[in-house]
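Lettering follows sequence order; numbering is per chain, from 1. Everything numeric here is computed off the predicted structure, so don't read it as measured data.
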Protein chains: 2
Amino acid sequence: MFEPFTLKDIAKALGLSTSTVSRALRDTHEISAETKKIVLEYAQKINYKPNPNALSLKERRSKSIGVIVSEVANHYFSQAINGIESIAYDKGYHVIITQTHESYEREKINIQHLASRSVDGLLVSLSAETSDTSHLQSLHKRGLQMVFFDRVAEDIETHKITANNEKGAFEATEYLIRQGYKKIAHLTSSDHLSISIERLNGYKKALEQHGLPFNPHYLKYCPHGGMFYDEVENAVKELMNLSDRPDAVFVAGDRLSVGCLVVFKNLNIQVPKDMAITGFSNSDVLDLMHPPLTAVRQPAFEMGQIATDMLIRLIESRYPVYEFEKKVLDTSLLIR
Amino acid sequence: MFEPFTLKDIAKALGLSTSTVSRALRDTHEISAETKKIVLEYAQKINYKPNPNALSLKERRSKSIGVIVSEVANHYFSQAINGIESIAYDKGYHVIITQTHESYEREKINIQHLASRSVDGLLVSLSAETSDTSHLQSLHKRGLQMVFFDRVAEDIETHKITANNEKGAFEATEYLIRQGYKKIAHLTSSDHLSISIERLNGYKKALEQHGLPFNPHYLKYCPHGGMFYDEVENAVKELMNLSDRPDAVFVAGDRLSVGCLVVFKNLNIQVPKDMAITGFSNSDVLDLMHPPLTAVRQPAFEMGQIATDMLIRLIESRYPVYEFEKKVLDTSLLIR
DNA sequence: AACGTTGTCGGGAACGATTGCACAGATTTA
DNA sequence: TAAATCTGTGCAATCGTTCCCGACAACGTT
């Protein structure tokens, strides 16, 4: 069995009390310089580390934050996680990552797990299936701090950080229009996700501004965020079988963009001859793809950093916070 | 502040003692059915969850395992993590993921952090920079259970799980040979990594078996596992500047394979006209790449599952274990 | 000589949950 | 009827750490 050293071990070895050892290690003024030196040296020698569970129990906080994302294999999220870790480690916080795989049930379980005292706060990006946020509501009401990033819950009052989804979607759609496409479809995630709504708005606005009609048949949802291949394939097939078949598609997510290309390939749909495509994606191998994908890129790393900074400020605030920020960062259109 | 409910809260509300409440929740025989019912209903109502820190302190274990990988953005690792989580959750373990970004220093810090009592065991894949494993050795000697996967430490006696790297490398190299290439270079990670050594052996064996000489100038290492673009670019440039320039390259890793394609593209090296390429990769978008990459795929998900199962068996074993397994899983060659 | 200061240190309670033990009251047994 | 057994519950110790109280020297002051 793995038995780390405790204060008691040091105290016994040095013939002191645990309180003296504790104080020596915390560099209290009431311990003599000589004792401090002895204790510190011995602690160093055996590589003593305080038991974090005991500390958490005593301090009633764990110095760790929980992160809920749909998938770490998603480039947007893995970049955001890197941003999260960069800030959290700096401020002495541990990061616990959990994945929902876009499942509402999994999200509930993960959040319950994280909430039950082991984390001081939550960094949340909702799953595609989630429309009811009461599991988060109740925890938030009871005082668990949380900050939303990317996929935010409108009905929970706290800090939020998103990309400028509407503008990004507008630019991507406008790019397709400028390329000469007139029948532009929109493939997106589930309809209740904040990012879906905003991106749809940007898409509609671009159509409107360029005098193109919005065709409801051109709008396809994937309620599971493209987690299942069939879901994407069916959506694409429905688009292709329309009598007034679209000539381009604007895709609203990282996983969907890749999934869409795979479906096109499998269905032998030539891009961009049969169908042009542009979409949201943070993949770093976009220009290696065939066909290359013109994409809207979100500042994922920065979003992770900002969200973490906001959360830690909430956690460490000595007074309750009633003013909440909603920060919106610009996307960039990578043209290929 | 977020103050979860405790046994004391329930006891006070119901006019019982904490011990009675505790026993009622654990369904001990010595509590009357009536009391149990009252306690259970109330606990359910307020959604009581025992404080995991208090439990860890008492039980002297945390029911959580730490995972050390280089990057979650790497498809091999993200798939392995999914395998790890699938088993761990089933058995009631929490998973804490940390990234080294191929840095030895970061690896040491992460492992120290995880080890200091908060995890019951470690699932380790070494960073590219790591050659000295004494930071793991000392913890292992003191009884912290660990299982290595993919990048293993030869000098630590415990369970290990790897892909059949030698065979995979052999097949990939042989594939290039069968395609008619005769001057095959090898781009790999740092020289001390177990996977590098094994893959190099497979590469050499394939050359030998087909009567091709091994040219040391065709062998290029990336000590940081391709974390820096320059590292890969320099290696590739050196290969291209050789008087007897290679006509193909076998790449030994996921990140390197992608990195190599990016460099080729930036240097305007046509694939496979100027240079053929095949390598280890678990990316799910391989056949969307331009050029498509014939790749050796590792059973990442299964490796994660098996490693986790091994680790949990070690953790929960009532007797010390002295017999250790080294499990080797076959790779598959995806030809494109 | 009696008192207050100051500098060092130890004792013990607390954090939340579990559990061996004690004990009251009810029931059964000798 | 008294003793033994059984039920249901509470007390207190424990895990490792911190921190409030004191204890007790060795001083300096009056």
B:K58 side-chain proximity, nearest of D:dG16, D:dT18, D:dT14: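 Output: D:dT14.
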Residue A:K8, side-chain atoms from C-beta onward, closest of C:dA17, D:dC19, D:dG16: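 Between C:dA17, D:dC19, D:dG16, the one nearest the side chain of A:K8 would be D:dG16.
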A:T308 side-chain N/O to A:A88 backbone N/O, donor-acceptor pair under 3.5 Å: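 Side chain of A:T308 to backbone of A:A88, a donor-acceptor pair under 3.5 Å: no, none is there.
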A:R60 side chain near C:dG16 phosphate (N/O to OP1/OP2, under 4.0 Å):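 Affirmative; the distance criterion is met.
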Residue-phosphate contact under 4.0 Å: A:Y48 side-chain N/O, D:dT17 OP1/OP2: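 Checking A:Y48 against D:dT17: at least one side-chain N or O falls below 4.0 Å of OP1 or OP2.
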Over how many whole Å does the gap from [X] atom [atom1] to [N] atom [atom2] extend?
X	N	atom1	atom2	value
A:F2	D:dC15	CZ	C1'	16 Å
A:L57	D:dT14	CG	P	16 Å
B:R61	C:dT18	CZ	P	13 Å
B:K49	C:dG16	NZ	C1'	16 Å
A:L25	D:dC19	CG	P	13 Å
B:R26	C:dG20	CZ	P	12 Å
B:L14	D:dG10	CG	C1'	15 Å
B:E59	D:dG16	CD	P	13 Å

Please list every donor-acceptor pair under 3.5 Å in which a side-chain atom of residues 34-44 of chain A meets a protein atom from a residue at least two apart or in another chain.
| unit_1 | atom_1 | unit_2 | atom_2 | d |
| --- | --- | --- | --- | --- |
| A:T35 | OG1 | A:S32 | OG | 2.7 |
| A:K36 | NZ | A:D27 | OD1 | 3.0 |
| A:K36 | NZ | A:T28 | O | 2.9 |

side-chain contact (heavy atoms from CB on, under 4.5 Å) partners for A:Q305, two or more places apart: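 Counting only residues at least two positions away or on another chain, A:Q305 forms a side-chain contact (heavy atoms from CB on, under 4.5 Å) with A:S86, A:I87, A:F301.
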What I'd like to find out is whether the side chain of [X] reaches to under 4.5 Å of the side chain of [Y], using heavy atoms alone.
X	Y	result
B:E85	A:T98	no
B:L14	B:V21	no
B:Q99	A:N82	yes
A:L126	A:E107	yes
B:R151	B:T130	no

Sugar-phosphate, base or nothing in reach of B:L7, heavy atoms under 4.0 Å: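 Counting heavy atoms under 4.0 Å across all strands, the contact made by B:L7 includes a base.
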Touch class at under 4.0 angstrom, heavy-atom based, for B:T6 against every strand present: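 If one applies the 4.0 Å heavy-atom cut-off, B:T6 turns out to touch the sugar-phosphate alone, with no base involved.
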Just the table, please: protein N/O against nucleotides 23-26 of chain D N/O, every pair under 3.5 Å.
none

Salt-bridge contact A:E3-B:R60 (side-chain N to carboxylate O under 4.0 Å):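 Yes, charged N to carboxylate O under 4.0 Å.
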Side chain to side chain donor-acceptor pair (under 3.5 Å) against B:Y48, all qualifying residues, sequence neighbours excluded: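 With sequence neighbours excluded, B:Y48 shows a side chain to side chain donor-acceptor pair (under 3.5 Å) to no residue whatsoever.
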Option from A:I46, A:N51, A:I10 for which side-chain contact (heavy atoms from CB on, under 4.5 Å) with A:F5 holds: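 Result: among A:I46, A:N51, A:I10, A:I46 is the only option passing the side-chain contact (heavy atoms from CB on, under 4.5 Å) with A:F5.
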Contact pattern, 5' to 3', of nucleotides 6-12 of chain C - B, S or - by protein heavy atom under 4.0 Å: --BBBBB
Minimal non-hydrogen separation, A:L57 against B:A54, with atom names: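 So the minimum-distance heavy-atom pair works out to CD1-CB, 3.8 Å.
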Global bending angle along the helix from C:dA1-D:dT30 to C:dA30-D:dT1, which compares the axes of five pairs at either end, to 10 degrees: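 Answer rounded to 10°: the end axes differ by 80°.
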